[in-house]
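Every chain is numbered from 1 and lettered A, B, ... according to where its sequence line falls, protein lines coming before strand lines.
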Amino acid sequence: MTNYDFKAIEKKWQHYWNVNRCHEPDMAQSENKFYNLTMFSYPSGDRLHVGHWYNFAPADTFARFKKMCGYNVFQPQGFDAFGLPAENYAIKHGIHPAISTRQNISRMKEQLIEMGAMFDWRNEINTSSPEYYKWTQWLFLKLMEMGLAYQKKSPVNWCPSCSTVLANEQVNNGECDRCHSQVTKRLLKQWFFKITEYAEELLTCLDSLNWPEKTKHMQRNWIGKSIGSSIQFSVVGHSEVIEVFTTRSDTIFGATYMVLAPEHPFVNSITTTNCLSKVTEYVESTKKLSEIDRTSSDRDKSGVFTGAYAINPLTQQEIPIWISDYVVASYGTGAIMAVPSGDERDFQFATKFNLPIIEVVSADGEIHGNDQCFSDYGIVINSEKYNGMTSEAAKISVDDFLESKGIGGAKVQYKLHDWLISRQRYWGAPIPIIHCDDCGIVPVPFDQIPVLLPDDINLAKTYGQDISPLATHDNFINANCPVCNKPAKRDADTMDTFVCSSWYYLRYPDSHFDDGPFNPDKTAWLPIDQYIGGAEHATMHLLYARFITKALRDGGYLNFDEPFSNLFHQGTITRDGAKMSKSKGNTVSPDTYIEKCGADVFRSYLMFMGPFDEGGDWTDTGIVGIERFIQKSWKLCQKELNSSESAKDLYILHTTIKSVTSDLESKKFNTALSRLMEFVNYFVAKNTISKNIRDQFVQLLAPFMPHAAEELWEMFGNKNSIFNSNWPKCNEQFTIESMIEIAIQVNGKLRGSIEIDKNISKEALLQRVKELENIHKFISGKEIVKEIFVPGRLVNIVIK
RNA sequence: GCCGAGGUGGUGAAAUUGGUAGACGCGCCGGACUCAAAAUCCGGUGACCCUUGGGUCGUGUGGGUUCGAUUCCCACCCUCGGUACCA
């Protein structure tokens, strides 16, 4: 009997898989394809951590299972290699990002190979390589061609610590998603992708996706569709027309004042001289407030009067225009009509500043006074010809009226903003644009990309100076205009790394393709059949990738609507309740466990810990259970074989096949392993096993413990990899039991159980049951009200 | 505040459409093997009561529906995610 020498075994099979190219599907053959993808990772300087394993290893088990089920499985790997950490590391240690990135990638690859996963390395991707970012630049130029990339000056999020602007999605609670510094606003000219053009489709297509509901929900909220009306208010004595968005045009007769965001472009022009100093002071003071302070909703309302008045288009009344920070510039038009009787915030504001309140909607159509605000739908009052209408009906009538006058009408508003993709950093894909004094913004011609990122750059010199490092690089920044050939300047910014990751999955099927971002002959491998990654990307990567896919479809490059038909989020492994991070010093390295018990045991333990989508707090007590399990399995597989198989043996085998198969299908790895343990416990107790049953067991084990299974399979005399064998089939006929145990209840309380023929009739069963001593005790002398029989489960005798 | 997910033994966790709560694992207790220990194997292990058979309670808390509720309904408490005056 051989020992389970995991060190030798794991090395041996990793080598075997590599030499025999076991993980390289025939890419010319997309029939029966299964594109299994985990989110690629950032090549950090740390070793691979438990989080990586928790993403990759169970995903690999799933891929191996699919392969044994007969799929042509493609599981590529790559690196999201551009980004801030490498650049910051360079500033601190003087090591060029290209060098540290290259080192990190090669080290991570070694570790990924040790994991024993079925990665196809032929199509490795490194987003920081020119052959990749050439096509990121191509994507930019294409989007520009399609009118989906544009430059605009607007107030944008600025992270002072990262020294760059950020997209809306990358700001949480007013903090930078990456470094948690307070984000400030700056008025800058930046590049945007027009994701809002796809807002409606991004929203509606969610319904068809097999994604976690929670994630779809988050995307719906992020897109933030809101159906309402746009209404124009003219300003007394000015040519300006203030446009507002409201979901309650039925309450317009109660609009007794207006509020502009302090950043609203009209503030300067409409403010009267006597109000100017107060308005200026207020605008300045809001600038100083942090995003968090400004947006905490329980804050007291503040604001000042501009001195200007607008005309309510339905009442023709003059209403004062105020500014207040409770109106945010970034949503809608940055201006509102305020209806204090119908909106809690307006009500607070009006009460504080003594502005008039007119009741316009009530539940019953009667007048109830202005002591409180009524924000529900109801019956319209105090609104001339609209009186007596329901809110719903009044909205339609008011919208019709506004439309007929050309001053508004029904409108749909989204919370989603265009995606700001410029970054004032070095380690990213340069934006392929040239700024010419005469010709303006000129895209770099397609035959001149990639616009190469220069190697020789002094990062420390520019850091913290609010300029893009590339702006200081003379050879880079100076270029001739492609149109007029006069001296011009390149765009000094690089692209958000989320642009790189928004299309990488398209390139994997042929990552060395030279004539385009992805090989049109290989698009049959798309879209991804199973995508597995963290939930933290819900409103960033996962939204951007969907948008880019749709844009490329409309550009005629793809013929599908959604990149990730099936999405699964692995849970997070925490340590003492906290997310693991290097800065907290609470990371757990898999390496010591690999050294001690091997990759098979470690990956299986991660899967056995609990449900894959829940993660959990890390503890290694219990890993010994998996070690014992493989040891027992190992010995069992070397037992002297028994040529006979009892009905019970076959029952155990086939019920195990059945549950392991369905558990794997739904990624319930923990319960699948439990079933395998039960299987082993049974046959260890029996002390013998048949060849047939033993072989099928090892096949069931293989996706979890690929190295060990290969070794056993070879020991059994097989010449081919176990992953080329067919997944065992459950024969239902063996899973049927003739005798079953039925629970016996009296008044719903368990009083015993009985082993009985499965097909026994209710009458016969009840007769047998009533004769049982413990049951008789409870029912004798009592009136039987009801007898409930759940076939295969229980009987319940209800007595009075 | 709002939205979503979740609270089950000492512990990680299981439980078809409501149908024997705690599978499987860890830990712990007892036993076998051993000079002894480790490893391994066997048995036990929700709490309380009781002499065995058994009984009472028990899935965050309090109600409800039901013959029967971890599962459905109502109210509340706590934890974790998301969101943040979104007009």
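The listed nucleotides are B/C57, B/A87, B/C3; the one nearest the side chain of A/Ile336 is B/A87. The side chain of A/Glu741 lies closest to B/U20, out of B/A84, B/U20, B/A87. When the nucleotides B/A87, B/A84, B/C26 are ranked by their closest atom to the side chain of A/Thr621, B/C26 comes out on top. Checked against B/C67, B/G27, B/C85, the side chain of A/Lys786 finds its nearest nucleotide in B/C67.
A/Tyr593 and A/Phe602 have parallel rings, their planes meeting at less than 30° on a 0 to 90° scale where 60° marks the start of perpendicular. The aromatic rings of A/Phe266 and A/His264 sit perpendicular, their planes meeting at an angle over 60°, well past the 30° parallel limit. Between A/Phe679 and A/Phe683, the angle of the ring planes lies from 30° to 60°, which puts this pair in the tilted group.
Counting any heavy atom pair closer than 4.0 Å across all strands shown, A/Tyr414 reaches no nucleic acid atom. Looking at heavy-atom distances under 4.0 Å, A/Asn796 makes contact with a base. Residue-level contact check: A/Arg751 touches the backbone only, with heavy atoms under 4.0 Å from sugar-phosphate atoms and none from bases. In this structure, A/Gln631 reaches neither bases nor backbone, as no heavy-atom distance under 4.0 Å exists between it and the strands shown. Residue A/Lys632 is classed as a sugar-phosphate contact, given heavy-atom separations below 4.0 Å to backbone atoms only. Across all strands, A/Asn681 comes closer than 4.0 Å only to sugar-phosphate atoms, never to a base (heavy-atom distances). Backbone-only engagement by A/Val624 is indicated by non-hydrogen atom pairs under 4.0 Å involving sugar-phosphate atoms exclusively. The residue A/Glu678 sits close only to the backbone: its heavy atoms come under 4.0 Å of sugar-phosphate atoms, none of a base.
Between B/A87 and A/Ser226, a contact under 4.0 Å exists linking OP1 or OP2 to a side-chain N or O. Between B/G55 and A/Asn774, a contact under 4.0 Å exists linking OP1 or OP2 to a side-chain N or O. Applying the 4.0 Å criterion to OP1 and OP2 of B/G27, one finds that A/Arg628 has a side-chain N or O inside that range.
Atom CD1 in A/Ile623 sits about 21 Å away from atom P in B/U11, given to the nearest Å. Here B/G82 presents its P atom at 9 Å from CD of A/Glu536, a figure rounded to the nearest Å. B/A21 atom C1' lies 14 Å from atom CG of A/Leu794, rounded to whole Å.
Between A/Trp211 and A/Phe568, the distance from one ring center to the other does not fall under 6.0 angstrom.
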Pairs under 3.5 Å (N/O, protein and nucleotides 13-16 of chain B):
from: B/A14; atom 1: OP1; to: A/Asn670; atom 2: ND2; distance (Å): 2.9
from: B/U16; atom 1: O4; to: A/Arg793; atom 2: NH2; distance (Å): 3.0

Please step through salt bridge (Lys or Arg N to Asp or Glu O under 4.0 Å) for the pair A/Lys596 and A/Asp620, ending with a clear verdict. CA-CA 12 Å; A/Lys596 230 171 72 193; A/Asp620 60 10; 5.3 Å; no
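The gap from the P atom of B/C28 to that of B/A38 amounts to 11 Å, rounded to the nearest Å.
With respect to A/Lys225 and A/Glu200, a salt bridge is recorded, a charged nitrogen being found less than 4.0 Å from a carboxylate O.
A syn orientation is assigned to B/G53, its glycosidic angle lying within 90° of 0.
Judged by closest nucleotide on RNA chain B, A/Ala743 is the one of A/Met218 and A/Ala743 placed further toward the 5' end.
With the 3.5 Å cutoff on both pairing distances, Watson-Crick and G-U pairs in RNA chain B assemble into runs of at least 3 at B:1-7 with B:77-83, B:10-12 with B:24-26, B:27-32 with B:40-45, B:46-49 with B:54-57, B:60-64 with B:72-76.
Between the side chains of A/Thr215 and A/His569, a donor-acceptor pair is found at a separation under 3.5 Å.
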